[in-house]
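All ligand and atom numbering here is 1-based and tracks the order in the structure. Here the structure is a predicted model, which is why all the values come from computation and not from measurement.
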Amino acid sequence: MKHILAPSILTADFANLRRDIEMINDSDADWFHVDVMDGVFVPNISFGFPVIRAAKKYAKKPFDVHLMIVNPEKYIEEFASAGADGITVHFEACTHLHRVVQQIKAAGCKAGVAINPHTPVVLLKDILHELDLVLVMSVNPGFGGQAFIPQTYSKIKELRQLANQVNPSLIIEVDGGVNIGNIAELIQAGANALVVGNAIFAAENPSQMISDLKNIPVNSQTI
Ligand code: DX5
Ligand code: ZN
């Protein structure tokens, strides 16, 4: 199956958000990646419920909401009602991760867990069978446009091996510094959902870049 391409609206032009949403609607992209930052879990603040609700009015593809916030359990139901189709919380932000995952599912959303670059994949072993998605951060979360951390390749391979045993349909999503130069290798390593922000919105023709990222040829043999 072809990989899922999820443009991050963090790098969109917020003064022209409707225009950028419609560009994504009309493109080969699969999801909208929606980055929520609280200024506590990460050193940046992005946007919250009013912006998500406004964007949802025009978006015609699922919302993949990435919560870079502390205490995400306080807001799961509100993100679901604002339009989230999937909600991903950070492993590092949840003391009772299992409970939060059940809460996301009970709210009717796909459940994801994100791991920061320093967090070993093996720490997800006892939660993996409960998850729809694992998001492997390939930069330190907080900002768009950062450089990709190469250690991500081995993390994806290790995670795919682990998932093959307990949850073969797990979606492995990679987020941060993904571009036309590394996307094929990430898919070969075992990723099947790719978040792309800067490489799309800084491109001369964002819609064409989405098409190139979606239709990139990939050697089917996993590395
Ligand atoms: C980073 C965010 C990412 C970011 C990706 O904290 O989680 O989703 O927007 O953007 P690029 O592709 O610019 O690294
Ligand atoms: Zn993200």
Side-chain angles (χ1 to χ4, degrees), residues 3-14 17 20-21 23-24 27 29-48 51-52 55 59 61-70 72 75 79 84-93 104 109-119 132-153 155-156 171-187 191-204 206-207 209-210 212-214 216:
H3 56 281
I4 292 162
L5 190 71
S8 166
I9 58 169
L10 185 65
T11 333
D13 176 357
F14 290 117
L17 190 54
D20 286 355
I21 286 169
M23 181 277 290
I24 294 170
S27 76
D30 300 282
W31 295 348
F32 287 86
H33 185 79
V34 179
D35 286 309
V36 178
M37 304 178 182
D38 67 353
V40 180
F41 182 69
V42 287
N44 194 11
I45 299 176
S46 58
F47 50 76
V51 171
I52 295 175
K61 294 175 181 180
F63 270 22
D64 169 38
V65 176
H66 177 194
L67 298 183
M68 287 161 274
I69 65 174
V70 297
Y75 306 104
F79 279 112
D85 296 280
I87 298 179
T88 296
V89 293
H90 264 265
F91 174 88
E92 302 83 5
I104 295 171
C109 296
K110 288 202 183 308
V113 170
I115 51 171
N116 276 338
H118 73 278
T119 300
D132 296 298
L133 178 150
V134 171
L135 189 164
V136 180
M137 285 306 307
S138 40
V139 298
N140 286 295
F143 303 92
Q146 301 183 80
F148 177 84
I149 298 172
Q151 201 199 352
T152 310
Y153 293 116
K155 292 181 79 169
I156 298 167
I171 296 172
I172 299 181
E173 185 173 41
V174 181
D175 186 6
V178 178
N179 57 43
I180 200 74
N182 58 19
I183 190 167
E185 199 172 341
L186 289 164
I187 296 164
N192 55 352
L194 291 305
V195 175
V196 186
N198 192 57
I200 289 173
F201 288 98
E204 210 169 298
S207 175
M209 179 55 75
I210 289 174
D212 294 347
L213 289 161
K214 177 72 185 178
I216 192 134

**OP:** Considering just N/O/S atoms, say which atom of His66 is closest to the Zn ion (ligand 2).
**Re:** ND1
Original post:
Which class fits the ring pair His90 and Phe41: parallel under 30°, tilted 30 to 60°, perpendicular over 60°?
Top reply: tilted
Original post:
Does Asp30 pair with Lys214 as a salt bridge, N-O distance under 4.0 Å?
Top reply: yes
Subject >> Phe47 ring center within less than 6.0 Å of Phe14 ring center >> reply: yes
Quick check on ligand 1: any N or O pairs to the protein under 3.5 Å? One line per pair.
from     : atom 1 : to     : atom 2 : distance (Å)
ligand 1 : 6 (O)  : Gly142 : N      : 2.8
ligand 1 : 7 (O)  : Asp35  : OD1    : 3.0
ligand 1 : 7 (O)  : His66  : ND1    : 3.3
ligand 1 : 7 (O)  : Asp175 : OD2    : 2.9
ligand 1 : 8 (O)  : His33  : NE2    : 3.4
ligand 1 : 8 (O)  : Asp35  : OD1    : 3.1
ligand 1 : 8 (O)  : Asp35  : OD2    : 2.7
ligand 1 : 8 (O)  : Asp175 : OD1    : 2.6
ligand 1 : 8 (O)  : Asp175 : OD2    : 3.0
ligand 1 : 9 (O)  : Ser8   : OG     : 3.0
ligand 1 : 9 (O)  : Asp35  : OD2    : 3.1
ligand 1 : 12 (O) : Gly197 : N      : 2.8
ligand 1 : 13 (O) : Gly145 : N      : 2.7
ligand 1 : 13 (O) : Asn198 : N      : 2.9
ligand 1 : 14 (O) : Gly177 : N      : 2.8

Original post:
Which is it for Thr11 and Asn198 under the side chain to side chain donor-acceptor pair (under 3.5 Å) test, yes or no, and what are the steps along the way?
Top reply: CA-CA 6 Å; Thr11 333; Asn198 192 57; 5.5 Å; no
Original post:
Asp175: which N/O/S atom is nearest the Zn ion (ligand 2)?
Top reply: OD2
Subject >> Close side-chain approach of Ile149 to Met137, heavy-atom, < 4.5 Å >> reply: no
Original post:
Taking the N/O/S atoms of Asp35 one by one, which is nearest to the Zn ion (ligand 2)?
Top reply: OD1
**OP:** Kindly give the heavy-atom pair with the smallest separation between Val139 and Ala147, and that separation in Å.
**Re:** CG1-O, 3.4 Å
**OP:** Check step by step if salt bridge (Lys or Arg N to Asp or Glu O under 4.0 Å) holds for Asp64 and Lys110.
**Re:** CA-CA 9 Å; Asp64 169 38; Lys110 288 202 183 308; over 6 Å; no
